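Quick note on labels: first sequence line is chain A, next is B, and so on, each numbered from 1. Computed from a predicted structure; not experimentally measured. Note that these values count all heavy atoms, side chains included, but never hydrogens, waters or copies made by symmetry.
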Protein chains: 2
Amino acid sequence: MAAARVYKHPETGDIAIPRVMFALSEPLRLSMVQLLSERGEVDSIELGPDLPRSTLTHHTSLLRESGVVFVRAEGRKCMIQLRRDDLETRFPGLIDTVLHGYQESNPGMAEA
Amino acid sequence: MAAARVYKHPETGDIAIPRVMFALSEPLRLSMVQLLSERGEVDSIELGPDLPRSTLTHHTSLLRESGVVFVRAEGRKCMIQLRRDDLETRFPGLIDTVLHGYQESNPGMAEA
DNA sequence: ATGCTTGTGCGAGAATAGTCGAACGATATG
DNA sequence: CATATCGTTCGACTATTCTCGCACAAGCAT
């Protein structure tokens with residue numbers, strides 16, 4: 001059988017603040033991270049059901065390469081999860097603080 | 001006399017997470033904020049003594065418009081300070097967390 | 001006033017990022 | 001096996017950002 005898709009991730013120690021900040025500076029990606037923080041591991045398509053696939057890949061790749069999410073192949077889909085522990089190790093409190101601030105400033109978030 | 005330079009700043013409540021994150025995603029600006037957090041109010045030129053003036057203005061303007069810093073004219077120079085309290089009110093813990101993470105991941109910071 | 005310093009605005013150019021369609025490979029389903 | 005589904009890659013286009021030189025305005029010094 002052919003090798004399944006394999007994704008490259010930065011080591012925990014190599015996660016860099018500027019890249020993480022940049023990854024979280026896009027409203028779309030920020031909402032993805034917010035959803036990941038609520039849901040745990042998620043099918044990639046749930047992060048942007050209405051987006052063109054190539055756009056979705058673009059954003060998930062950026063989140064992965066910046067060290068924010070972990071991606072793994074599962075059959076033909078791909079599953080995404082927030083690297084919460086790694087981020088907590090590297091930058092304690094960062095994700096919680098950012099997501100808390102994000103929720104505070106987003107009125108329309110109380111659904112589900 | 002002509003009106004002195006006046007700078008527009010977003011209200012505390014209008015400071016938005018994505019813009020702040022973007023402002024802090026540039027290594028140069030991040031180092032500026034780091035220096036501001038140590039020094040309090042600072043002459044703008046101290047934020048980038050070797051930069052072309054127009055480049056410096058570009059970054060300080062971006063930091064100001066995103067709500068990260070407060071700028072005021074003082075004679076012909078301009079003084080910059082971190083909007084620490086406003087940011088703390090709006091996004092508790094964010095700046096401290098980011099700067100802490102930044103310091104952690106920057107070996108060459110122990111001078112001065 | 002003359003000259004010097006500082007910040008700003010404008011414009012150009014380069015670099016980076018975002019969006020998306022099309023083609024492809026891999027996987028699941030019939 | 002044939003087909004549909006999903007993710008990735010590529011290329012193109014657009015938009016945004018970064019950098020910087022230059023000209024200008026305002027404040028300070030002699």
Side-chain angles (χ1 to χ4, degrees), chain A residues 1-9 16-33 35-36 41-81, chain B residues 1-9 16-33 35-36 41-81:
Chain A
M1 60 169 286
R5 278 168 296 156
V6 170
Y7 297 92
K8 253 184 76 176
H9 299 81
I17 276 272
R19 294 191 60 150
V20 172
M21 300 301 275
F22 183 76
L24 301 179
S25 72
E26 274 291 316
L28 187 53
R29 288 192 294 261
L30 198 45
S31 70
M32 289 175 174
V33 171
L35 191 144
L36 286 167
E41 193 173 46
V42 153
D43 184 340
S44 72
I45 210 168
E46 291 190 59
L47 296 180
D50 300 333
L51 266 58
R53 293 292 147 78
S54 47
T55 302
L56 186 55
T57 298
H58 171 72
H59 288 296
T60 55
S61 298
L62 197 152
L63 286 169
R64 170 176 54 81
E65 288 160 12
S66 64
V68 175
V69 303
F70 179 80
V71 182
R72 84 186 158 85
E74 165 107 6
R76 52 187 166 178
K77 24 183 100 167
C78 73
M79 305 297 290
I80 322 266
Q81 53 187 11
Chain B
M1 63 167 283
R5 279 168 295 157
V6 170
Y7 297 91
K8 254 184 75 176
H9 298 80
I17 275 272
R19 294 190 60 145
V20 173
M21 300 300 276
F22 183 77
L24 301 179
S25 71
E26 274 290 318
L28 187 52
R29 289 192 294 261
L30 199 46
S31 69
M32 290 175 173
V33 170
L35 191 145
L36 285 166
E41 193 173 47
V42 152
D43 184 341
S44 72
I45 209 170
E46 291 190 58
L47 296 180
D50 301 332
L51 266 59
R53 293 292 148 77
S54 47
T55 302
L56 186 54
T57 298
H58 170 72
H59 288 295
T60 55
S61 298
L62 196 152
L63 285 169
R64 171 177 53 81
E65 289 161 11
S66 64
V68 175
V69 304
F70 179 80
V71 181
R72 88 189 153 82
E74 166 107 5
R76 48 185 166 174
K77 23 183 103 167
C78 73
M79 305 297 290
I80 321 266
Q81 53 187 345

Contact check, side chains of [X] and [Y], non-hydrogen atoms, under 4.5 Å:
X	Y	answer
R19(A)	V68(A)	no
I45(B)	K77(B)	no
L51(A)	L28(A)	yes

Value in whole Å for how far the [atom2] atom of [N] lies from [atom1] of [X]:
X	N	atom1	atom2	result
L56(A)	dT9(D)	CG	C1'	14 Å
I80(A)	dG7(D)	CD1	C1'	10 Å
R19(A)	dT16(C)	CZ	P	13 Å
E74(A)	dT27(C)	CD	P	13 Å
L63(A)	dG18(C)	CG	P	10 Å
K8(A)	dT9(D)	NZ	P	12 Å
R5(A)	dC24(C)	CZ	P	19 Å
I45(A)	dT5(D)	CD1	P	11 Å

What pairs meet the ring-ring contact (aromatic ring centres under 6.0 Å, His included) rule with one or both residues in residues 48-68 of chain B, with sequence neighbours excluded?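 Pairs touching residues 48-68 of chain B that pass the test: none.
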Between the side-chain atoms of R76(A) and the base atoms of dT27(C), is any donor-acceptor pair under 3.5 Å?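 Check passes, donor-acceptor contact within cut-off.
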Could you run down nucleotides 13-23 of chain D 5' to 3' and tag each one B, S or - for protein heavy-atom contact under 4.0 Å? ----SSBBB--
Plane angle bin for F22(B) and F22(A) - parallel if under 30°, tilted between 30 and 60°, otherwise perpendicular: tilted
Hey, is the side chain of T57(B) poking within less than 4.0 Å of OP1 or OP2 on dT8(C), counting only N and O atoms? yes
It should be established whether Y7(B) places a side-chain nitrogen or oxygen under 4.0 Å from OP1 or OP2 of nucleotide dG7(C). no
Applying salt bridge (charged side-chain N to carboxylate O under 4.0 Å, His left out), which residue pairs with at least one partner in residues 47-72 of chain B are found, sequence neighbours left out?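 Residue pairs passing salt bridge (charged side-chain N to carboxylate O under 4.0 Å, His left out), neighbours aside: E41(B)-R72(B), R72(B)-E74(B).
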Remember a base hit wins even if backbone is also touched, and classify S61(B) as base, sugar-phosphate or nothing at under 4.0 Å, heavy atoms. nothing
With distance as the sole test, does R5(A) use its side chain to make a donor-acceptor pair with the main-chain N or O of G75(A) at under 3.5 Å?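 Flag set: sc R5(A) to bb G75(A) pair under 3.5 Å.
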